[in-house]
Asks: 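Following this message is one structure expressed as C-alpha cells.
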Amino acid sequence: MTLRVGYIVGSISSTSINRALARALERLAPAAGIELVEIPIAGLPFYTSDFDADYPAEAVAFKQAIADVDGVVIVTPEYNRSVPGVLKNALDVASRPWGQNSFAGKPTAVIGTSVGQIGTAVAQQHLRSILSFLASPELSQPEAYIWSKPGLITAEGEVTDEATAQFLTDWLTAAAAHIQRYSA
Ligand code: FNR
C-alpha cells in the first residue's frame with residue numbers, strides 16, 4: 001500500500017522558495033513510492049489557550065489532516081535563525097488541547113531551503129527540538145539543507161540539477177522508510 005504523507009510548508013510567501021522545494025518533492029514522490037499531500041497552515045488562527053474549551057473549525061480540520069496521514073514532512077525556511085512564526089503557530093495549534101497532541105508518535109522528516117549557504121540548518125535544529133518535545137519520531141539522517149541558488153528549483157518545482165534531484169529522491173526514500181517504520 002502506498003504511504004500517504006502530509007507536508008507542511010512553513011512559509012506563506014507568494015514567492016516562497018520552500019514552496020518550490022515542496023513542489024519538487026511532490027514531483028519526486030512517486031519515485032520514492034509515496035503520495036505527498038499538502039496540509040495547509042495559512043488559514044490557521046493564532047493559538048491561544050482560549051481555544052481549548054471549543055477548538056476553532058480550522059484548527060480541528062488541521063489536526064484531523066495530520067491524523068489522516070502516515071507521517072509529515074515539514075519544509076521550513078529559516079527566519080532569524082529559527083522557524084517562521086507561522087510554522088511555530090501551526091505546531092502549537094497541533095499540540096493542543098492538552099492531551100491531544102497531534103504529533104505524539106507521528107513520524108516526521110524535516111527539510112528546508114534558504115538563500116544562506118547553511119540552508120536552514122539552524123532553523124531545522126530548532127524545529128527538531130520542538131518536534132522532540134512533541135514526542136514525534138524524527139528522521140535523523142540524512143539531513144537536508146538546501147542552498148537555494150537562482151534557477152536550481154523553478155517555481156513549478158522542476159529541479160534543474162540532476163545531482164540535487166537525486167539527493168532529494170534519496171532523502172524522500174529515507175523519509176518514507178522512516179515513516180513506514182513508525183506508522184506500522
Ligand atoms: C530571512 N532569511 C534568512 N536566511 C537564512 O539563511 N537565515 C536566516 O536567519 C534568515 N532570516 C530571515 C529573516 C526574515 C524575516 C526573512 C524574511 C528572511 C532569508 C530567507 O532564506 C529567504 O527570504 C527565503 O526566501 C525564505 O524562504 P521562503 O519564505 O521564500 O520559503
Side-chain angles (χ1 to χ4, degrees), residues 1-11 16-41 62-63 65-79 81-84 86-88 90-95 101-114 116-148 152-153 157 159 163-184:
M1 212 171 71
T2 305
L3 277 184
R4 202 159 169 272
V5 177
Y7 71 87
I8 291 172
V9 179
S11 171
S16 169
I17 56 176
N18 283 277
R19 176 156 297 285
L21 173 58
R23 288 195 180 118
L25 295 174
E26 254 186 350
R27 283 176 173 232
L28 297 168
I34 60 173
E35 182 194 352
L36 266 183
V37 291
E38 181 167 13
I39 302 178
I41 63 170
F62 177 62
K63 286 172 70 67
I66 296 170
D68 288 345
V69 291
D70 296 304
V72 181
V73 165
I74 302 180
V75 188
T76 188
E78 181 168 293
Y79 282 7
R81 293 283 183 257
S82 188
V83 294
V86 287
L87 177 56
K88 179 60 164 59
L91 297 171
D92 291 343
V93 168
S95 72
N101 164 19
S102 302
F103 280 101
K106 181 70 64 176
T108 51
V110 301
I111 187 169
T113 186
S114 109
Q117 266 190 62
I118 57 170
T120 72
V122 184
Q124 287 192 41
Q125 287 309 312
H126 282 194
L127 181 52
R128 285 178 184 280
S129 173
I130 297 163
L131 291 169
S132 176
F133 180 73
L134 295 180
S136 164
E138 303 151 51
L139 174 70
S140 42
Q141 294 288 344
E143 297 169 302
Y145 307 128
I146 312 299
W147 180 19
S148 173
L152 178 66
I153 302 176
V159 184
T164 303
Q166 189 60 55
F167 174 83
L168 292 175
T169 306
D170 292 346
W171 182 84
L172 267 179
T173 303
H178 166 74
I179 289 167
Q180 178 86 67
R181 202 158 42 243
Y182 284 93
S183 68

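Remember, predicted model here, so these are calculated numbers, not experimental data.
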Asks: So, S102 versus K63: side-chain donor-acceptor pair below 3.5 Å or not?
Replies: yes

Asks: Might you work through the side-chain contact (heavy atoms from CB on, under 4.5 Å) test for I39 and V69, ending with a clear yes or no?
Replies: CA-CA 10 Å; I39 302 178; V69 291; 4.1 Å; yes

Asks: Is T164 close to L152 at the side-chain level, that is, under 4.5 Å between some pair of heavy atoms?
Replies: yes

Asks: So, taking the atom named CG in N18 and the one named CD in E78, what distance separates them when rounded to the nearest 0.5 Å?
Replies: 10.5 Å

Asks: Can you tell me if T120 and T76 form a side-chain donor-acceptor pair at under 3.5 Å?
Replies: no

Asks: Considering all heavy atoms of both residues, which atom of G10 and which atom of P84 are nearest to each other, and what is their separation?
Replies: O-CG, 3.2 Å

Asks: Are any non-hydrogen side-chain atoms of V73 and I8 less than 4.5 angstrom apart?
Replies: no

Asks: How many angstroms lie between OH in Y182 and CD in E138, if you round to the nearest 0.5 Å?
Replies: 10.0 Å

Asks: Are P40 and F62 packed together at the side-chain level, in the sense that at least one heavy-atom pair is separated by less than 4.5 angstrom?
Replies: no

Asks: Do I66 and V72 touch side chain to side chain, with heavy atoms closer than 4.5 Å?
Replies: yes

Asks: Work out which heavy atom in A24 is nearest to a heavy atom in I153; give both atom names and the distance.
Replies: CB-CG2, 4.0 Å

Asks: Are the side chains of L168 and L21 in touch, meaning some heavy atoms are under 4.5 Å apart?
Replies: yes

Asks: Looking at H178 and P137, would you say the former's side chain and the latter's main chain have a donor-acceptor pair under 3.5 Å?
Replies: yes

Asks: Are I130 and L91 close enough that some pair of their side-chain heavy atoms sits under 4.5 Å apart?
Replies: yes

Asks: Please report the shortest heavy-atom distance between V83 and K88, naming the atom on each side.
Replies: CG2-CB, 4.2 Å

Asks: State the CD1-OG1 distance between I34 and T2, to the nearest 0.5 angstrom.
Replies: 10.0 Å

Asks: Give a yes or no on whether the backbone of T113 and the side-chain of W147 come within a donor-acceptor separation of less than 3.5 Å.
Replies: no

Asks: Report yes if some heavy atom in the side chain of L131 is under 4.5 Å from a heavy atom in the side chain of F103; otherwise report no.
Replies: yes

Asks: side-chain hydrogen bond (donor to acceptor under 3.5 Å, both in side chains): which pairs involve residues 23-39, sequence neighbours left out?
Replies: Y7-E26, R19-E38

Asks: If you round to the nearest 0.5 Å, how far is OG of S183 from NZ of K106?
Replies: 8.5 Å

Asks: What pair of heavy atoms forms the shortest contact from R4 to D68, and how long is it?
Replies: NH1-O, 3.4 Å

Asks: Between V159 and A165, what is the shortest heavy-atom contact and its length?
Replies: CG1-N, 3.6 Å

Asks: Minimum heavy-atom separation for V9 and S16, please, with both atom names.
Replies: CG1-OG, 4.4 Å

Asks: Rounded to the nearest 0.5 Å, how far does CG of L36 lie from CG of L25?
Replies: 6.5 Å

Asks: Atom OG in S114, atom OH in Y145: separation rounded to 0.5 Å?
Replies: 12.0 Å

Asks: Sequence neighbours excluded, which residues qualify as salt bridge (Lys or Arg N to Asp or Glu O under 4.0 Å) partners of D70?
Replies: none

